[in-house]
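Here's the structure, in structure tokens; my notes come after.
The sequence lines fix the lettering, A, B, ..., with proteins before strands; numbering per chain opens at 1. Please read these numbers as outputs of a predicted model, since none were measured by experiment.
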Protein chains: 2
Amino acid sequence: MQNILFDFIAKYITLNEEEKDALTSLSLFHSVKKGTVLLEAGQKTKNSFFVLKGCIRTFYIQDGEEKTTAFYTELDALTPPCVITQTPSDYTISCVEDSILSISHSDMEAEINRQFPKFDIMCKMLSEELLAKERIDFDTFKTSSPEQRYLNLLQTRPDLIQRVPQHQLASFLGIQPPSLSRLRARLLEKDKS
Amino acid sequence: MQNILFDFIAKYITLNEEEKDALTSLSLFHSVKKGTVLLEAGQKTKNSFFVLKGCIRTFYIQDGEEKTTAFYTELDALTPPCVITQTPSDYTISCVEDSILSISHSDMEAEINRQFPKFDIMCKMLSEELLAKERIDFDTFKTSSPEQRYLNLLQTRPDLIQRVPQHQLASFLGIQPPSLSRLRARLLEKDKS
DNA sequence: TTGCTTTCTTAACTTAAGTGAACGAGCTGT
DNA sequence: ACAGCTCGTTCACTTAAGTTAAGAAAGCAA
């Protein structure tokens with residue numbers, strides 16, 4: 001598991017042994033069971049999450065309905081907005097599958113960054129990259145119909161459609177579960193002809 | 001104009017005179033006329049934009065139609081994804097109003113950051129903050145109907161509805177211009193009763 | 001296995017968005 | 001002032017999503 005994390009970091013900066021040891025000593029890794037709530041809506045946290053294996057999701061409760069807005073799978077990083085804004089979280093984070101996560105506290109990160117300013121550079125690169133990605137995703141979403149969004153997901157994250165419950169997928173696509181069912185039936189129909 | 005920029009920066013880091021002078025010497029400010037294209041789809045750029053006054057937008061061309069996905073107004077910063085990914089831009093950036101912008105080249109930024117590592121910290125803070133904001137915006141969009149999105153915009157950026165053409169607003173809201181017209185007529189109708 | 005619950009699909013109906021076309025208002029430049 | 005263009009709204013029609021409810025299928029626990 002260490003190596004997965006080190007390989008990920010190696011895409012941004014080069015670590016020496018001292019730095020690797022410093023990271024290792026933090027005991028970042030945690031096994032979490034499916035269904036575990038990592039952050040409850042209304043609570044504050046300073047924790048960030050990095051998925052080594054498995055899948056976690058963020059969801060809001062609106063009118064008693066869960067609205068899933070994002071899934072994080074292997075090599076995805078999630079720093080909840082509430083960590084940045086220091087306010088209670090608007091959403092809940094929960095475990096979709098049994099997962100292995102790296103969980104880091106922002107105070108701990110600040111300390112590591114103080115010792116090794118290199119990490120600040122990595123954080124800068126990473127968040128710039130994630131921001132660029134997020135903007136493109138948002139733009140794609142805005143300019144697509146539900147059907148196009150589903151087809152796009154089929155191209156870009158086909159695994160998600162298999163490993164995640166349909167009603168969570170539906171709200172992730174910005175529609176209701178019956179709409180997703182119809183949409184898929186429609187596509188199958190087209191496929192036949 | 002310098003002061004607007006310095007005040008903005010002051011929210012993240014404290015600048016001494018030397019650093020202010022370094023920034024001033026870069027002659028970042030540009031007046032741009034309404035309609036000016038700042039970046040053409042398909043082109044590469046290393047420029048980032050910061051709006052001191054006015055409004056710029058990003059749009060895609062799909063099936064011969066302009067699809068506007070974002071507006072940047074006073075104190076908004078835009079680093080196009082193509083600057084990060086080093087690929088041709090998917091969208092065009094154009095000036096909605098006569099504007100005053102700070103335009104900075106990424107090589108220039110790298111040089112300044114080398115001299116004053118403090119700027120790296122600011123960039124990290126800024127992009128983390130923008131990422132958090134973008135995620136919340138995206139979530140809000142996903143979990144809202146077109147009508148709710150319009151009402152939300154009315155709350156959060158009422159100026160946009162006044163200063164921007166309706167057909168650009170429509171695609172910004174993820175709908176077609178006639179839908180926006182109907183939606184507004186519907187709301188006015190409700191308002192009366 | 002049985003019963004319980006959660007999940008997915010289907011159906012019928014309502015509502016609203018997409019589409020294409022037409023019209024009028026406002027702007028621009030000559 | 002006039003012609004030409006862009007822009008916003010409206011209309012009629014099509015298509016698809018929202019909603020509610022019901023039933024089938026799958027997973028879970030006793």
Side-chain angles (χ1 to χ4, degrees), chain A residues 33-37 55 57 59 61-68 71 94-98 141-153 160-193, chain B residues 33-37 55 57 59-68 71 94-98 141-154 160-193:
Chain A
K33 284 270 163 234
K34 175 175 175 173
T36 306
V37 169
C55 178
R57 70 179 172 120
F59 66 91
I61 307 278
Q62 286 181 358
D63 315 314
E65 296 270 299
E66 283 188 9
K67 304 261 189 172
T68 299
F71 296 101
S94 122
C95 229
V96 176
E97 304 169 350
D98 291 353
F141 190 94
K142 266 189 188 173
T143 58
S144 306
S145 65
E147 183 172 316
Q148 290 171 321
R149 281 177 222 151
Y150 177 79
L151 290 171
N152 182 50
L153 194 66
L160 263 196
I161 297 173
Q162 302 307 320
R163 68 204 283 196
V164 149
Q166 297 296 306
H167 66 280
Q168 291 175 14
L169 255 193
S171 58
F172 179 67
L173 292 169
I175 58 179
Q176 298 298 318
S179 294
L180 178 55
S181 275
R182 272 182 307 213
L183 188 161
R184 302 179 75 188
R186 229 169 32 231
L187 289 174
L188 278 176
E189 204 51 41
K190 280 188 201 167
D191 226 34
K192 267 192 277 181
S193 58
Chain B
K33 285 268 163 233
K34 175 177 174 172
T36 306
V37 169
C55 178
R57 70 179 172 119
F59 67 90
Y60 297 74
I61 307 278
Q62 287 182 358
D63 315 314
E65 297 268 299
E66 283 187 9
K67 305 260 190 172
T68 299
F71 296 101
S94 123
C95 228
V96 176
E97 303 170 349
D98 291 353
F141 190 94
K142 266 188 189 174
T143 58
S144 307
S145 65
E147 184 172 316
Q148 289 171 321
R149 281 176 221 151
Y150 178 80
L151 290 171
N152 183 50
L153 194 66
L154 214 48
L160 263 195
I161 296 172
Q162 302 308 319
R163 69 204 282 197
V164 148
Q166 296 296 307
H167 66 279
Q168 291 175 13
L169 256 192
S171 56
F172 179 67
L173 292 168
I175 57 178
Q176 298 298 317
S179 294
L180 179 54
S181 275
R182 272 180 308 212
L183 187 160
R184 303 179 76 187
R186 224 163 43 226
L187 289 174
L188 278 176
E189 204 51 41
K190 281 188 201 167
D191 227 33
K192 266 192 280 182
S193 58

Outermost DNA chain C nucleotides near chain A [under 4.0 Å, heavy atoms]:
C/dT7 to C/dA12

Specify the closest pair of heavy atoms between B/H167 and B/P177, including all atoms of both residues, with the distance to one decimal.
CB-CG, 3.9 Å

Rounded at 0.5 Å granularity, tell me how far CD in A/Q162 sits from CG in A/L169.
9.5 Å

Going by heavy atoms in the side chains, are A/F71 and A/Q168 under 4.5 Å from each other?
yes

Are B/L173 and B/L183 close enough, and set up right, to give a side-chain contact (heavy atoms from CB on, under 4.5 Å), and what steps lead you there?
CA-CA 12 Å; B/L173 292 168; B/L183 187 160; 5.9 Å; no

Where is the tightest heavy-atom contact between A/Q148 and A/S144, given as atom of each residue plus distance?
OE1-CA, 3.2 Å

With A/E65, which residues qualify under side-chain contact (heavy atoms from CB on, under 4.5 Å), at least two apart?
none

Looking only at heavy atoms, the pair that brings B/R57 and B/T68 closest together is NH1-OG1, 2.8 Å

Is there side-chain contact between A/E147 and A/L187, with at least one heavy-atom pair below 4.5 Å?
yes

Do the non-hydrogen side-chain atoms of B/N152 and B/R149 ever get within less than 4.5 Å of each other?
no

With the criterion being N/O to N/O and under 3.5 Å, what pairs connect the protein with nucleotides 6-10 of chain D, and how long is each?
unit_1	atom_1	unit_2	atom_2	d
D/dG8	OP1	B/Q166	N	2.5
D/dG8	OP2	B/Q166	N	3.4
D/dG8	OP2	B/H167	N	3.1
D/dG8	OP2	B/H167	ND1	2.7
D/dT9	OP2	B/S181	OG	2.7
D/dT9	O5'	B/S181	OG	3.2

Restricting to ring pair (Phe, Tyr, Trp, His ring centres under 6.0 Å), what partner residues turn up for A/Y150, sequence neighbours left out?
none

To the nearest 0.5 Å, atom CD1 of A/I175 lies from atom CZ of A/R182 at 9.0 Å

Give me the bend of the helix from C/dT1-D/dA30 to C/dT30-D/dA1, using the axes of the five pairs at each end, rounded to 10°.
50°

Do A/F172 and A/L153 make a side-chain contact, defined as non-hydrogen atoms from C-beta onward lying under 4.5 Å apart?
yes

Nucleotides 27-30 of chain D: which of its N/O atoms have a protein N/O under 3.5 Å away?
none

